[in-house]
Visitor: 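Pasting in a structure now, in C-alpha cells, and then I'll have a few things to ask.
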Amino acid sequence: MTDSEAVETLAPVTLDSKLATVVGGKTAVALGKAFGVLTVGDLLSHYPRRYARRGELSSISLLPLDENVTIVAEIRSVDERPMKARKGSIVEVKISDGRGILSLTWFNQAWRAKQLQPGMRGMFAGKVTDYRGHLQLTHPTYKLFGPGADDEPEMPTDAAAAKLWIEQPVAIYPATNTVASWQVAQTIAILLDSVGPVPDPIPPELRGERGLLPQGRAFELIHRPETDSDWRRARDTLRFTEAFVLQSALVQQRLTARQQQSTPRLPTPGGLLERFDAGLPFTLTADQQGVAAEISTDIAQTHPMNRLVQGEVGSGKTVVALRAMLAVADTGGQSALLAPTEVLAGQHLRSIARSLGPELASSLMPTLLTGQLPVAERRKALLRVVSGQAKIVIGTHALLGDKVTFFDLGLVVVDEQHRFGVDQREALRQKGAVPPHVLVLTATPIPRTVAMTVFGDLDVSTIAELPEGRQGIETFVVPLFEKPGWVTRVWTRLAEELALGRQGFVVCPAIAPKQLEEGAEVDPEAAAPASVETVLADLRRNPALASARIEPLHGRMTSEEKDQAMRAFAAGKIDVLVATTVIEVGVDVPNASAMVVLDADRFGVSQLHQLRGRVGRGGVPGLCLLVTSAEAETIARERVEAVAATLDGFELAQVDLELRREGDVLGSSQSGGRSSLRLLRVATDGDLIGEARGHAQRLSEHDPHLDTVPALREAVLRRLDDAERASLTKS
Ligand code: ADP
Ligand code: MG
C-alpha cells in the first residue's frame, strides 16, 4: 500500500465515495477484506483503538495473549545465526518496554538484522503468544520511528519540536495480521486530505448546546490529534453523533412501522382462545397475565405489533405466545414460530400439540417445517401452509425460504431472539400479505440500555416471576486447578441424582477431540477442551454410572438423530445426555435435575445461565456443577463464579456487559458487520444514549422526514444500509 497507488479523481470526494476511487484498488480491497469498509465514510469511522506516544513504551506485561496488538517498544538486541537442522538463517530480535521482553523471529530474512538496530524505537505489531514461558510476537510487522521509516516524520532536531514529537498521540488502530495499524493511518491521512466539506448530522442548535465539534473537524482530530484533549473532544462529539444517528434511525423505523396497515386480530367469543384458556391446567402468573393483556391490545390494532417479551428461562413465555397465536387463529389467520435449532423446533411442536390437546390441535394443525424434513413431508407441510390449513407453523430459518408461502400470516413469533438478527425477523415479516404482528421472545435478560440500542424499534415487556412450585437450582463451581480430585465427586454426584430417578446433562465445548462446536472459543495451544466423544466414552466406562443409559447429542448428528435423542430423553429412556450447546436454548424436560458443564470457562455468562436453566424446571430441585480449570482471579474464572453467585438473569446480564466486549454481549447477529457500535458502550453510556434518544424523538416529532437536517437523513439511511449489507455478507 503506497501513495503511488492513489488515483487522481475529479469528482469531489464525499463520505459516500468508494474507497477505491480515492486510494487505489489494492489498498481498498485489502481494507475491505480486513475491516468490511467500502466507502470513505466507513474508513473514517474506523476509529483508533487507543493512542500511543513515541516516547512512551507500552507495558509488555499487560498485553493480552493471542490477540493482535500494536505496541511501542525499543529494540534490545538483534541476533542473526544459522539454523541448526536446515540451511538458512534466523534473525531473532528482542524488544522491550524496559522491563518485559518480547522476541520476534524471522527465517531467511537476514536483511532485517541490518535494518533493525539496538536502541531503535518503533511500533511493532503481531499476535502475542507464549512459547515455553517466553513471550513472542508471531508474524511481526513494524514501523520504526525516525530514520529508516518511509513516511514517518523524523524526530525534529530542535528541542521544543522534539518534545512535541515525542509526546504527540499516535493513533493505534484495530489491525489484522494483513493490515497494520500504520497502514490504516496512512490511508486515513489520504482521505482526510482529499475529502470535501463533511455535512453535519447534528442540528446546529443541538451541536451548540452540547459544545460539539463540527463533523469534519471531529474526524480530523480523532485520527490526527496533536494533543490528548484534541482526540478527547473529537471522541465525545463522535460518540454523541453515533448515539444520535442510531436513535434517529430507530425512531424512524418505529414511525414507519406505525404507519403500516395490519389486520387487527380479536379473539372470537367462545372461540379457540377461550377454549384453550378453559382447558389450561394452571393459572397464569400475574406477570404472564399482564404481558398477555399488552399483547392482546397490540394485536387488536390496525398497525403491526412489534413487541419483545423477555423473561427468565421457564417463566412461561411460550404459553403467552401460544395464546396470541390462538387469537390470530380465531380470525382465520396463521402464526409462524421461528426457533433457532431443529431440536427446539421439534420440541415446540410436541409441547404445543400437547398443550392444545387433541381437539384444538386438529383444528389448528400445528405443522413443522425445517430444512431437514424428507421431501414428501416437506411438500405436505408446504401445502398446509399455503392453503391456510396449518394455523400454527413451527420451524427453523427454513421458514424464511422462498418456497414458503402463507395463506394469511397474521403473527410472527421469534423464539430466543438472540440467535436471530433483525434481518431474519424482517424476512419473515415480508411473508405476510399485509405486515404481520411480530412477537420476539428472549430468555436472555436485556439491560435497559441494550434494549434501547439494539431493540429500540420494539416495545418491551417483562415476565419477572417464575410459576409457583419451582424448586430452585443450586450452583457450584468445581475448580480443577485447585482441586483436581473433585472431578470424581462430580460423577458420583451425578450418579446420586440418577439414583433418585432423575436425569442429567453433561455439556462439553467440543464434539470431538480437536474439533469444536461453533461459537466456542479456543486457543489452539491450550489443552484440548472436553469433547462429547471423549467424555461419552469415559462416562460409559465409569463404574459409578455403570447402570446409566448415556447418549450423545450434538450439532453433527442428523436432525432425525438429534430429535430421536431428545424424545428418548424426554420420555425417560436416556438418563444422561452428553451434549454440546445445542441444548442451550429452550429444551424442556422437567425430570432433568443435574447439569454438569465441563470447561465452563469456555462459555459466556449468558450461555451458562441458559444451560443452567435446563434443569430445575419441574417439581425437582436442580443441581448445576460448573467444572473449570481456569485459575482463580482470571476473567474466565470470574465469569463462572458470577453465574454460580446468582440466579438473577438481569444481574448476570449486567456482569456480562462489564466482563465482555459489546459485540459478544449483543450476539454476533446483532452486532456483526459494520452496523455494530463503535464508540458507544452500552455498559457505561446509558445516560448519553437516553439523552440522544430524547433529542431524536423530539426532532422526529417536529420533522418526521428529517427535512431540516438532510445530513442526518443520509446518515440514518447509511446506517440502515450498513445493517442490510451486514446481513447480506452473512448469508
Ligand atoms: P420459557 O419459554 O419462558 O422458558 P415455557 O413457556 O417453556 O418457559 O414454560 C416452562 C414450563 O412451565 C412449561 O412446562 C409450561 O407449561 C409451564 N408453565 C408455564 N406457565 C405456567 C404457570 N403459570 N404455572 C405453572 N406452570 C407454567
Ligand atoms: Mg422457551
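The basis for the numbers below is simple: all heavy atoms, side chains too, and nothing from hydrogens, waters or symmetry mates. Atoms within each ligand, like the ligands themselves, are counted from 1 in listed order.
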Visitor: Just by distance, do the side chain of D330 and the backbone of T268 share a donor-acceptor pair under 3.5 Å?
Guide: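 Yes, the answer is positive, given that a donor and an acceptor are paired below the 3.5 Å cut-off.
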Visitor: Would you mind listing every side chain to side chain donor-acceptor pair (under 3.5 Å) that reaches into residues 351-366, with sequence neighbours excluded?
Guide: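 Qualifying pairs, neighbours excluded: none.
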Visitor: Give a yes/no verdict on whether any heavy atom in G311 is under 4.0 Å from an atom of ligand 1.
Guide: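 It does not, in that no heavy atom of G311 comes within the 4.0 Å cut-off of ligand 1.
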Visitor: Please check whether G316 reaches ligand 1 - meaning an N/O of the residue sits under 3.5 Å from an N/O of the ligand, judged on distance alone.
Guide: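 Yes; at least one N/O pair falls below 3.5 Å.
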Visitor: Kindly list each side-chain donor-acceptor pair under 3.5 angstrom involving residues 500-509, sequence neighbours excluded, with atom names and distances?
Guide:
| residue | atom | partner | partner atom | Å |
| --- | --- | --- | --- | --- |
| Q503 | OE1 | N591 | ND2 | 3.0 |
| Q503 | NE2 | F569 | O | 2.7 |
| Q503 | NE2 | I574 | O | 2.9 |

Visitor: Test salt bridge (charged side-chain N to carboxylate O under 4.0 Å, His left out) on R637 and D601 and set out the steps.
Guide: CA-CA 6 Å; R637 176 74 169 270; D601 49 284; over 6 Å; no
Visitor: Any donor and acceptor pair, going by atom type alone, linking the side chain of Q610 with main-chain N or O of Q607 inside 3.5 Å?
Guide: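 Here the side-chain-to-backbone pair does not exist.
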Visitor: Check ligand 1 against T285 and write out every atom of the ligand that is under 4.0 Å from a heavy-atom position of the residue.
Guide: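 In order of number, 23 (N).
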Visitor: Give the atom numbers and elements of ligand 1 that come within less than 4.0 Å of a heavy atom of S315.
Guide: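 This gives 3 (O), 8 (O) as the contact atoms.
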Visitor: Assess L441 for proximity to ligand 1: is some non-hydrogen atom of it under 4.0 Å away?
Guide: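 L441: no contact with ligand 1 (<4.0 Å).
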Visitor: Under 4.0 Å, heavy-atom basis, I'd like to know which part of I463 is in contact with ligand 1: side chain, backbone, both or neither.
Guide: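 Looking at I463 and ligand 1, no heavy atom falls under 4.0 Å.
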Visitor: May I ask you to identify, for T318, whether its side chain, its backbone, both or neither come under 4.0 Å of ligand 1 on a heavy-atom basis?
Guide: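 Answer for T318: both.
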Visitor: Does this structure show an ion pair linking R493 with E496, if we count only N-O contacts that are shorter than 4.0 Å?
Guide: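 Yes.
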